[in-house]
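To start, the structure under review is shown below, and the notes come after it.
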2 protein chains.
Amino acid sequence: MLTPTQLCKCLGDDLRLSLVCLLHGQEEVCVCDLVDALEAPQSTVSRHLAQLRQCQLVVARRQGTWMHYRINPELPDWAQQTLASLVPPACQALSLTLPVSACCEN
Amino acid sequence: MLTPTQLCKCLGDDLRLSLVCLLHGQEEVCVCDLVDALEAPQSTVSRHLAQLRQCQLVVARRQGTWMHYRINPELPDWAQQTLASLVPPACQALSLTLPVSACCEN
DNA sequence: CTTTAATATCCGTATTTCCGAATATACGAA
DNA sequence: TTCGTATATTCGGAAATACGGATATTAAAG
């Protein structure tokens, strides 16, 4: 189960916080779009996504070869509220452009 | 200025999150009480407090040889809201007993 | 000035975290 | 099958972080 310390560890890294911000804005985003948006190596993005998955912060859905990620909709209330407080200022601080443009159909 | 990533880094450690929880409950707490409450070496507590101070998460007031810490009352709204969401579940997850009993007379 | 108490800082070591190229895996199409 | 695309995992090294005993600093008291 997700603890406050774990959540903060997850969010205490620019790249992971960026991922969470990008996902927070919309239903689902696929990995290739995240790689594009962050201009980071695919292995780096994938590794951080795995970490977020392990904490249950995000969930993944496979569709063919694509993986679609989204914020875990079953997050406890305190975690959802934390994200709600943190994401808007984080988007600004990290200069993220939302929403992510979709490169992969669907 | 405090960024969301920095705040999360600060809170992403059991001992620092415990400190923040203990402080969030009351006006001011002095270092000796924090050391008592956490049963951690004084140098460790002091080092983490320095880190929290550096991020402006807490402020200190000297009174004689004692130092009294409190949550920075001028924290931006998003940070205050984050603490409000995070502290209650953190207190529980970290099994913290509040309030801290005062060993040093004011 | 000396001593004592409270707190901060230093510093060497141990641990954790991060990185990204290389490689592996999963899947659809031919 | 075999190939190509999307994504995940591995792995060795670099960088950041945590630890706590020893020491320094600060201030009150004698």
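Because the structure is a prediction, the values reported are computed rather than measured.
Between A/W66 and A/C32 the shortest side-chain heavy-atom distance falls below 4.5 Å. Residues B/Y69 and B/R53 have side chains in contact (heavy-atom distance under 4.5 Å, counting atoms from C-beta outward). Between A/L34 and A/L22, some side-chain heavy-atom pair lies under the 4.5 Å cut-off.
With D/dG21, C/dT7, D/dC19 as the choices, the nucleotide that has an atom nearest any side-chain atom of B/S43 turns out to be D/dG21. Checking D/dT7, D/dA18, C/dA22 against the side-chain heavy atoms of A/C30 singles out D/dT7 as nearest.
In this structure, the NE2 atom of B/H48 is 13 Å from the P atom of C/dA8, given to the nearest Å. Here the P atom of nucleotide D/dA8 and the CG atom of A/L19 are 11 Å apart, to the nearest Å. Rounded to a whole Å, the CZ atom of A/R47 is 10 Å from the C1' atom of D/dT9. For the pair A/Y69 OH and D/dT7 C1', the computed distance is 8 Å after rounding to whole Å. Between the P atom of D/dT7 and the CG atom of A/L38 lies a distance of 13 Å, rounded to the nearest Å. The distance from atom CG of A/L52 to atom C1' of D/dA8 is 14 Å, rounded to the nearest whole Å. Residue A/R16 contributes atom CZ, which lies 12 Å from atom C1' of C/dC19 at whole-angstrom precision. Spacing between atom CD of A/Q51 and atom P of C/dG20 amounts to 15 Å, rounded to whole angstrom units.
For D/dA6, the base has no donor-acceptor partner in the side chain of A/Q42 [N/O atoms by modelled type, under 3.5 angstrom].
Here the CD-CG distance, from A/Q42 to A/L49, works out to 9.5 Å after rounding to the nearest 0.5 Å.
One hydrophobic cluster, built from ILVMFWY side chains closer than 4.5 Å, cannot hold both A/V59 and A/L19; they sit in different ones.
For B/T65, no side-chain nitrogen or oxygen approaches OP1 or OP2 of C/dA6 to under 4.0 Å. OP1 or OP2 of D/dG20 sits under 4.0 Å from a side-chain N or O of B/T44. At the phosphate of C/dT7, neither OP1 nor OP2 sits under 4.0 Å from any side-chain N or O atom of B/R61.
Positionally, the nearest nucleotide of DNA chain C for B/D33 lies more toward the 5' end than for the other of B/D33 and A/K9.
A/R62 comes within 4.0 angstrom of the backbone, heavy atoms only, and of no base.
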